[in-house]
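The sequence lines fix the lettering, A, B, ..., with proteins before strands; numbering per chain opens at 1.
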Number of protein chains: 2
Amino acid sequence: MTKPHKARTEGKPAEKETAEKEAGGKKVAAKIPMRDFSQSLPMSLLRTRESVMRHFRPSLRAHDLTEQQWRIIRALAASGEIEVTELARVAFLLGPSLSRILRDLEARKLIERRLLKADLRRSIVSITSKGLKLIEAVAPTSEAIYAEMTKRFGVRKLSDLQALLHELEAALLAMPAADGAEDDLSDQ
Amino acid sequence: MTKPHKARTEGKPAEKETAEKEAGGKKVAAKIPMRDFSQSLPMSLLRTRESVMRHFRPSLRAHDLTEQQWRIIRALAASGEIEVTELARVAFLLGPSLSRILRDLEARKLIERRLLKADLRRSIVSITSKGLKLIEAVAPTSEAIYAEMTKRFGVRKLSDLQALLHELEAALLAMPAADGAEDDLSDQ
DNA sequence: CACAACCATTTAACATGTTAATCGGTTTTT
DNA sequence: AAAAACCGATTAACATGTTAAATGGTTGTG
């Protein structure tokens with residue numbers, strides 16, 4: 001990928017000597033503020049997600065569950081039995097995190113594991129009855145919160161948002177990944 | 001940081017999707033429907049954000065920067081000088097995380113700190129010239145990636161998405177937080 | 001002025017994110 | 001079959017997320 005030479009200033013110019021780098025003779029003042037930082041897509045997604053999770057955390061916490069543990073429990077309840085690798089995919093967790101969490105959930109007897117005789121490298125994970133009870137205890141509250149959110153935001157807008165999120169995800173999955181070995185200008 | 005992965009294992013049709021299942025004598029009984037787990041709003045936001053960050057990470061990594069460190073550096077470049085508490089707000093980081101990261105960035109001479117004489121509890125953080133150079137080295141690639149994303153997804157849709165994200169965030173901030181003291185049946 | 005209440009920041013402790021390395025188990029190659 | 005190549009899962013090591021507690025500094029009140 002080539003480097004664009006269009007660092008433009010548009011946000012608020014930083015006072016101080018935030019480096020006046022100029023191309024030619026014009027002072028581009030604050031330099032490279034890039035898109036207003038607080039409005040970058042990753043930040044927007046992060047903030048919005050947090051504004052959502054903020055409402056669910058108290059309920060999970062009341063049942064001694066972290067967000068990730070809840071994701072796993074729910075995924076298991078929805079799929080019955082599932083291999084660790086597949087569980088990592090649906091619960092969107094990395095292997096190491098999943099490994100640790102499964103260890104803890106197993107100790108709490110919320111889930112169970114058994115080896116696959118056909119391939120001893122693999123194991124099958126499933127939820128226990130105790131785990132199911134926990135879900136039954138938490139789900140109503142979660143559903144109520146979700147319903148309230150939907151009501152406040154609007155079914156239609158929520159649906160539109162979900163659609164856009166999926167479209168963006170699809171568009172980016174189709175976009176080739178830059179390997180980070182761009183230009184490597186260690187000079188300067 | 002937040003960035004799940006790439007656990008793929010295709011050709012693995014997730015048999016049995018929802019609900020009850022009975023393998024042998026083990027009944028992984030039924031449960032509450034709930035919205036299809038994988039389509040929950042938090043998961044959608046998480047996955048989409050990851051699909052975005054996935055493209056930026058290689059570039060950041062090439063410069064030995066984590067996502068959070070980059071957020072801080074950028075926020076500083078955009079605001080000149082700023083107090084720690086305010087920095088935590090704009091970079092969307094919790095105090096403890098920020099404290100650690102600032103310590104490291106200061107050791108790397110990318111940022112500086114000075115106490116506020118008027119109130120010794122507070123300190124002002126600012127970016128150094130070395131930090132600015134780092135930004136100049138990373139920004140072009142980041143901007144190029146962002147531009148490519150915008151091109152693939154569409155300016156209009158990106159704008160719509162940002163708008164919906166903000167609206168949802170606003171709607172949820174106005175929603176009272178459940179304190180999680182519902183029924184509290186301590187498991188056991 | 002003494003002191004409690006309050007505030008900004010940091011430290012502590014534990015869970016997860018993340019990449020690399022490791023460890024059995026399985027498949028392929030010779 | 002034995003060695004090499006692969007593979008799934010875990011462990012290691014370090015950075016961050018998250019809540020609670022500690023540390024110093026500041027303010028309000030008596």
Check this one for me: any side-chain N or O of [X] less than 4.0 Å away from OP1 or OP2 of [N]?
{"X": "A:Gln68", "N": "D:dG17", "result": "no"}
{"X": "B:Arg113", "N": "C:dT10", "result": "yes"}
{"X": "A:Arg57", "N": "D:dT18", "result": "yes"}
{"X": "B:Ser99", "N": "C:dT10", "result": "yes"}

Relative to the 5' end of DNA chain D, which residue comes earlier, A:Ser97 or B:Gln69, by the nucleotide with the nearest heavy atom?
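Per heavy-atom nearest nucleotide, the more 5' residue is A:Ser97.
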Can you tell which of D:dT18, C:dT26, C:dT19 lies closest to the side chain of A:Pro96?
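Among D:dT18, C:dT26, C:dT19, the one nearest the side chain of A:Pro96 is C:dT19.
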Out of C:dT16, D:dT19, D:dG25, which nucleotide sits closest to the side chain of B:Leu94?
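Nearest to the side chain of B:Leu94 among the choices is D:dT19.
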Tell me: [atom1] of [X] to [atom2] of [N], nearest whole Å?
{"X": "A:Leu115", "N": "C:dG24", "atom1": "CG", "atom2": "C1'", "result": "11 Å"}
{"X": "A:Leu116", "N": "D:dC7", "atom1": "CG", "atom2": "P", "result": "18 Å"}
{"X": "B:Arg121", "N": "C:dA8", "atom1": "CZ", "atom2": "C1'", "result": "6 Å"}
{"X": "A:Phe92", "N": "C:dT16", "atom1": "CZ", "atom2": "P", "result": "17 Å"}
{"X": "A:Ile101", "N": "C:dC14", "atom1": "CD1", "atom2": "P", "result": "17 Å"}
{"X": "B:Ile124", "N": "C:dA8", "atom1": "CD1", "atom2": "P", "result": "13 Å"}
{"X": "B:Arg103", "N": "D:dT16", "atom1": "CZ", "atom2": "P", "result": "9 Å"}
{"X": "A:Asp104", "N": "C:dA15", "atom1": "CG", "atom2": "C1'", "result": "8 Å"}

Determine the contact category for [X]: base if any of its heavy atoms lies under 4.0 Å from a base atom, sugar-phosphate if only primed atoms, P, OP1 or OP2 are that close, otherwise nothing.
{"X": "A:Glu67", "result": "nothing"}
{"X": "A:Arg61", "result": "sugar-phosphate"}
{"X": "B:Leu98", "result": "nothing"}
{"X": "A:Thr66", "result": "sugar-phosphate"}

Tell me, yes or no, whether the heavy-atom count around A:Arg61 atom CZ, taken from other residues, nucleotides or ligands under 6.0 Å, exceeds 12.
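No, because the 6.0 Å sphere around CZ of A:Arg61 holds 12 heavy atoms or fewer from other groups.
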Indicate whether any N or O donor in one side chain lies under 3.5 Å from an N or O acceptor in the other, for A:Gln162 and B:Ser44.
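Note: A:Gln162 and B:Ser44 side chains meet the donor-acceptor criterion.
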Salt-bridge criterion met for A:Arg100 and A:Asp104 (N-O under 4.0 Å):
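Between A:Asp104 and A:Arg100 there is no salt bridge, as every charged N stays at least 4.0 Å from the carboxylate O atoms.
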Would B:Glu86 and B:Arg89 pass as an ion pair if we require N to O under 4.0 Å?
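Looking at B:Glu86 and B:Arg89, the cut-off is met.
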Determine whether any donor atom in the side chain of B:Arg100 lies under 3.5 Å from an acceptor atom in the base of D:dG17, or the reverse, and answer yes or no.
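Such a pair is found, so the answer is yes.
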Taking the side chain as every heavy atom from C-beta outward, state whether A:Phe153 and B:Leu172 have any pair of such atoms under 4.5 Å apart.
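A side-chain contact is absent here, since even the closest heavy-atom pair is not under 4.5 Å.
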